[in-house]
Amino acid sequence: MIPSRKTFDTWQTDSVGEAGHTLRAAGDTFEEMVSTAWYAMLALGKNRLWTGVAQQSGESAFTAGKDRAEAVGAIADNSAIGIARYLPDLVGAAAFIRKMLTIIESGDLFVTDDWIVLPRVKRYSAPMAKTLATVADNFQVRLNPLLVDLSQADLSIAVFIRDQLNSRALGIALPEIDADPHAPADFTTAPRGDNTGGTNPTVGRGYQRARLAEHMMGTVVDTTTTASGATTATTLRMLDGSRQIYTGGPGVNKTEFFDPRGVLTATRTVAGDGTATVTLTRPGKPPAVVTERPDGTTEAVVDGITFSLPSSRDYTLALASGGMAATESRVTHGLPYLTQAEVARLKMGAKLAGPGLTLLGTAVGVATAEDSYQRCVAGVTGAVGLTTDLTMIAAPEAAPVTAAVRAVVAGLSAAVVGNLVGQVVCK
């Protein structure tokens, strides 16, 4: 199995060999003790110190015990042989992982309990954040096969010992390890990869890159609050260098999103009646404007065309179902956007991927709906031509993170957003 990082740190693989020797010695000792008792029982009858039916029953019982003790001794002996056979692979894989962890964590990267390589939470320049994200992704590629090797060595020992335990003499018949619900399972399967080339944000490399993207665009590293009269603005700087500015005051509830280059990508305002308007910047083109009313009714206007969209809550829950921002406190209520007063309380290290990811979901929805509006009859749940300048507004610049955002976009479009848009647009 692939253990958690915390569990792995407790593994003393160098002691496994000693445990094998101890197991063999214990088996031999147990077998010798039972054999000694058996010989003593035989001597009682042979020397006529005890005769009769009771003696015969005792002798039969001790003979059966000796046979079982020999079976136990064989299990211990053969298991020790298997441990010795596969131990070098286990020790070697563990040693390589420990060396890799030392290298990774000697600088500005760390490894999570489920083996995701991420930059440490501190304020970097946007170019440095981009570099660190790329380095983290490269280390992830090197770490994954080591974890698979460790798992295979552990499995080889487990299967070998399990085979020895299957004993007719002892009446033990264990199921195959893959079919045993009590057998230890992988803490994470992501290092094993997937067959989608990393395009599925819920499994394998796609999941790891999606986690990296969420960490970069959704981790707060600095907060600054300023006031002008009755209006207060709080600026959040994220790990990737992007910024979110929340402005609140009498009649004012506005959020602005800037990419790591400092370019304004979107603005969200909330009116007194709760109507939210998101303006998505499109380079060289008029902005796309999305209006969501308090009842969830949502419309987008793109290049003069008006069409309906799913609500932001739909996007939030869709993202959470794929594991994105699923741990944030308010995601289950579909309320990813915060007010200025709420973000002002955030500290370094706070997780706030919800707004950026929901903004991404909204952009995907607009692009999908725009395409679907033109060809609704053909269906919208299949492949769709996404508008790049909309779907990438929330993407950091680092190549692996951008790839992850594209994976999230693809996953949203194919699995969720396309279906949601279809329900709304194609009525």
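FYI, side chains are in, hydrogens and waters are out, and symmetry mates aren't considered; it's all heavy atoms of this structure.
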Around atom CZ of Arg142, are there more than 12 heavy atoms of other residues, nucleotides or ligands at under 6.0 Å?
no

Where do Thr7 and Thr10 land on the side chain to side chain donor-acceptor pair (under 3.5 Å) test, with the steps shown first?
CA-CA 5 Å; Thr7 297; Thr10 68; 5.5 Å; no

With a 3.5 Å distance limit and no angle check, can you tell me whether Asp149 reaches the backbone of Ala93 through a side-chain donor-acceptor pair?
no

As an exercise, state the distance from CG of Leu118 to CD of Glu214, rounded to the nearest 0.5 Å.
10.0 Å

If we only count heavy atoms from C-beta on, is the Tyr124 to Lys122 side-chain gap below 4.5 Å?
yes

Taking Thr297 for the side chain and Arg293 for the main chain, is one N or O donor matched with an acceptor at less than 3.5 Å?
no

Can you confirm whether Phe96 is buried at CZ, in the sense that more than 12 heavy atoms of other residues, nucleotides or ligands lie under 6.0 Å from that atom?
no

Is there a side-chain contact between Thr277 and Arg268 in this structure, where contact means two heavy atoms from C-beta onward sitting under 4.5 Å apart?
no

Once you round to the nearest 0.5 Å, how far does OG1 of Thr102 lie from CD1 of Ile104?
9.5 Å

Answer whether the closest heavy-atom distance between the side chains of Gln140 and Arg205 falls below 4.5 Å.
yes

Are there over 12 heavy-atom neighbours, none belonging to Met128, within less than 6.0 Å of that residue's CE?
no

Can you check whether Leu143 reaches Val111 side chain to side chain, under 4.5 Å on heavy atoms?
yes

Gln340 and side chain to side chain donor-acceptor pair (under 3.5 Å): which partner among Thr232, Thr255, Thr234?
Thr234

Hey, are the side chains of Met217 and Leu239 touching, using non-hydrogen atoms and a 4.5 Å cut-off?
no

Can you see which heavy atom on Val221 is nearest to which on Met238, and at what distance?
CG2-O, 3.6 Å

Is a side-chain donor or acceptor of Thr298 paired with a backbone partner of Gly296 at a separation under 3.5 angstrom?
yes

Shortest non-hydrogen pair, Pro294 vs Thr275, comes out as CD-OG1, 3.6 Å

Is a salt bridge present between Glu105 and Lys99, judged by a nitrogen-to-oxygen distance below 4.0 Å?
no

For side chain to side chain contact (heavy atoms under 4.5 Å, CB included), just list the numbers for Ile97 and Leu147, CA-CA rounded to whole Å, side-chain angles, deciding distance to a tenth of an Å, and then say yes or no.
CA-CA 7 Å; Ile97 290 174; Leu147 292 167; 3.8 Å; yes

Can you confirm whether Phe258 sits close enough to Val263 that some side-chain heavy atom of one is under 4.5 Å from a side-chain heavy atom of the other?
no

Looking only at heavy atoms, the pair that brings Thr279 and Pro287 closest together is CG2-CB, 3.6 Å

Residues Arg123, Asp222: salt bridge by 4.0 Å N-O rule
yes

So, does Ser156 use its side chain to make a donor-acceptor pair with the main chain of Gln152 at under 3.5 Å?
yes

Hey, is the main chain of Leu90 close enough, under 3.5 Å, to the side chain of Thr13 for a donor-acceptor pair?
no

Rounded to the nearest 0.5 Å, what separation is found between the CG atom of Asp186 and the CG atom of Asp114?
12.0 Å

Any salt bridge between Arg243 and Asp259, counting N to O under 4.0 Å?
no

Taking the ring centre of each residue, are Phe187 and Trp115 less than 6.0 Å apart?
no

Taking the side chain as every heavy atom from C-beta outward, state whether Ile2 and Ser151 have any atom pair closer than 4.5 Å.
yes

Is the shortest side-chain heavy-atom distance between Thr189 and Tyr207 below 4.5 Å?
no

Pairwise distance OG1(Thr224) to CZ(Arg237) - rounded to 0.5 angstrom
10.0 Å

Residue pair Thr219, Lys351: steps toward the side chain to side chain contact (heavy atoms under 4.5 Å, CB included) verdict:
CA-CA 5 Å; Thr219 303; Lys351 296 297 183 180; 2.8 Å; yes

Heavy-atom nearest pair, Val141 first then Pro145, reads O-CD, 3.0 Å

Test side chain to side chain contact (heavy atoms under 4.5 Å, CB included) applied to Leu150 and Trp11, step by step:
CA-CA 12 Å; Leu150 178 76; Trp11 281 15; 4.0 Å; yes

Distance from Leu212 atom CG to Thr134 atom OG1, nearest 0.5 Å?
8.5 Å

Does a salt bridge link Arg209 with Asp137, judged by any charged N lying under 4.0 Å from a carboxylate O?
yes

CZ/Phe139 to CG/Leu132 distance, rounded to the nearest 0.5 angstrom?
10.5 Å

For the student: nearest non-hydrogen atoms of Pro119 and His215, plus distance:
O-NE2, 2.8 Å

Kindly indicate, with the supporting measurements, whether the criterion side chain to side chain contact (heavy atoms under 4.5 Å, CB included) is fulfilled by Thr267 and Val278.
CA-CA 6 Å; Thr267 301; Val278 176; over 6 Å; no

Do any N or O atoms from the side chain of Asp154 and from the backbone of Met1 form a donor-acceptor pair under 3.5 angstrom?
yes

Can you tell me if Thr231 uses its side chain to pair, donor with acceptor, with the backbone of Ala227 under 3.5 Å?
no

Would you check if the side chain of Thr131 reaches a backbone N or O of Pro127 as a donor-acceptor pair within less than 3.5 Å?
yes

Of all heavy-atom pairs between Thr269 and Lys254, which one has the smallest distance, and what is that distance?
CG2-CG, 3.8 Å

